[in-house]
Every structure is written in structure tokens, then in C-alpha cells.
Amino acid sequence: MKYWLMKSEPDVFSIDDLKKKKKTHWDGVRNFQARNFMKVEMKKGDKVLFYHSNADPSGAAGIAEIIKEGYPDHTQFDPDDKHFEPKASPQKPYWYMVDVKFVEKLKTFVPLNEIKKNPKLRKMKLVQRGNRLSVMPVEKNEFDEIVKMGSK
DNA sequence: GCCAACGTTGGC
DNA sequence: GCCAACGTTGGC
């Protein structure tokens with residue numbers, strides 16, 4: 001089983017929205033590296049840290065789980081959608097998404113500065129300079145450490 | 001293939 | 001709102 005971190009802007013879709021909706025499809029990712037993680041590497045049952053980006057403060061908010069593996073993101077075919085991709089067709093999709101379900105909300109929110117302060121988390125892609133990936137792999141020990149920080 | 005211009009992300 | 005860092009596009 002693998003572990004992941006997925007960023008979402010809470011103004012758009014927060015952990016509370018996921019809790020209410022129970023599950024969601026993770027559409028709108030338009031970055032090749034992030035796409036490949038979703039298309040190729042994410043497997044049913046993988047655990048996801050739900051991260052609030054562009055937030056006040058930003059940080060880890062909860063846990064989700066992959067319930068459907070990579071399939072074409074329908075928003076790329078819709079000319080009226082913000083994420084329309086003119087070069088894509090249903091026969092040749094460019095972009096992929098996964099479905100995730102709500103697992104739990106962390107008892108205490110783990111802000112980014114706490115993550116940065118923890119020596120065990122120094123190697124996380126998240127805290128490395130200039131990393132803007134919205135979907136990224138996380139090591140099991142890092143995942144566990146953040147969950148531990150959030151369960152106090 | 002290089003690189004400037006432009007767009008986007010995301011912390012602060 | 002600012003701006004650094006990065007990705008993408010397009011002219012050459």
C-alpha cells in the first residue's frame with residue numbers, strides 16, 4: 001500500500017466538504033507528474049493525507065482513501081469548463097483523476113509550520129523548496145508521523 | 001533545442 | 001496582494 005498527499009484549497013473543497021459528501025472525484029489536475037501518479041501509481045486502498053493549500057493556515061487536515069483508480073477526467077472534454085483541454089478526446093484523454101472517500105478528519109489540524117519544525121518530516125517533498133505538486137507520494141513513516149501529530 | 005514571455009501555484 | 005519558483009508555450 002502506498003501513501004499520498006493531495007492538496008485542495010479549502011475555499012473550493014475542504015475536508016469538511018469531503019466529510020459531508022463522503023467521496024469525490026479528484027478532477028482538475030493539470031500537471032503531468034501529478035497525472036502520472038494518479039494514472040499509474042495510485043491503487044485502491046492507498047491512503048491519502050488531505051492537505052489544505054492556500055489556506056489560513058495551510059496544513060494537513062484529514063485522511064482519505066483511494067476507492068477508484070485512474071480514469072479520464074471528464075472536465076477536459078467540456079468546452080465550458082475551466083479545465084477544458086482542446087487537444088484531448090474521449091479516445092485520447094490527456095488527463096486522469098481518481099476517486100477518494102472520506103476516512104477521518106484529524107482531531108487537531110497540523111499546520112505547515114509544525115510540519116517544517118519536525119525533524120522527522122524534513123525529507124518530505126512538501127517542505128522542499130519550490131515544490132508545487134498538488135499530488136505527491138509520502139513515506140509511510142511521514143504519513144504516520146503527521147497522523148500522530150494530528151491525533152493529539 | 002534554446003530561451004524569453006507568460007501563466008500558475010502557493011506561502012506569507 | 002506580493003512575489004518566488006516552476007511549468008508551458010512559441011518564435012527562432
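Every chain is numbered from 1, with letters handed out A, B, ... down the list of sequences.
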TODO: Flag the pair A:Lys105 and A:Asp16 as a salt bridge only when some basic side-chain nitrogen lies within less than 4.0 angstrom of an acidic carboxylate oxygen.
DONE: yes
- [ ] May I ask you to decide if the ring planes of A:His74 and A:His25 are parallel, tilted or perpendicular, using 30° and 60° as cut-offs?
- [x] perpendicular
Open item on the list: Measure CZ/A:Arg35 against P/C:dT8 and give the value in whole Å, please.
Closed with: 11 Å
Open item on the list: For A:Glu85, is the CD atom crowded, meaning more than 12 foreign heavy atoms sit under 6.0 Å from it?
Closed with: yes
Task: Atom-pair distance (CD1 on A:Ile115; P on B:dG10), nearest Å - done: 14 Å
TODO: Report yes if at least one side-chain N or O of A:Lys87 is closer than 4.0 Å to OP1 or OP2 of C:dT8; otherwise report no.
DONE: no
Open item on the list: Whether A:Asp17 and A:Lys21 form a salt bridge (side-chain N of Lys/Arg under 4.0 Å from carboxylate O of Asp/Glu) is what I want to check.
Closed with: no
Open item on the list: Check for me whether A:Lys39 meets the cation-pi criterion with A:Phe37, that is, NZ or CZ under 6.0 Å from the six-membered ring centre and within 45 degrees of the ring axis.
Closed with: no
- [ ] Using whole Å, report how far CE of A:Met136 lies from P of C:dC6.
- [x] 13 Å
- [ ] Give a yes/no on whether any side-chain N or O of A:Lys7 is located under 4.0 angstrom from OP1 or OP2 of B:dT9.
- [x] no
TODO: Please work out if A:Leu133 contacts a base, only the sugar-phosphate, or nothing of the nucleic acid, heavy-atom cut-off 4.0 Å.
DONE: sugar-phosphate
Task: Atom-to-atom span, OH of A:Tyr94 to P of C:dT8 - whole angstrom - done: 12 Å
Open item on the list: Please report the distance, rounded to the nearest Å, between CD in A:Glu9 and P in B:dG10.
Closed with: 7 Å
TODO: Give a yes or no on whether a salt bridge exists between A:Glu145 and A:Lys120, defined as a side-chain N under 4.0 angstrom from a carboxylate O.
DONE: yes
Task: Spacing of A:Asp11 atom CG relative to B:dG11 atom P, expressed in whole Å - done: 13 Å
TODO: Could you identify which residues of residues 51-58 of chain A place a heavy atom less than 4.0 Å from some atom of DNA chain B, listed by residue number, or say none?
DONE: A:Tyr51, A:Ser53, A:Asn54, A:Ser58
TODO: Rounded off to whole Å, could you give me the CH2-to-P distance for the A:Trp95 and C:dG7 pair?
DONE: 12 Å
Task: A:Leu5 CG - B:dG10 C1' separation (whole Å) - done: 13 Å
- [ ] On the 0 to 90° scale, with breaks at 30° and 60°, tag the A:Tyr94-A:Phe32 ring pair as parallel, tilted or perpendicular.
- [x] tilted
Open item on the list: Let me spell it out: for each of A:Arg132 and A:Glu85, pick the nucleotide of DNA chain C with the closest heavy atom. Which residue's pick is nearer the 5' end?
Closed with: A:Arg132
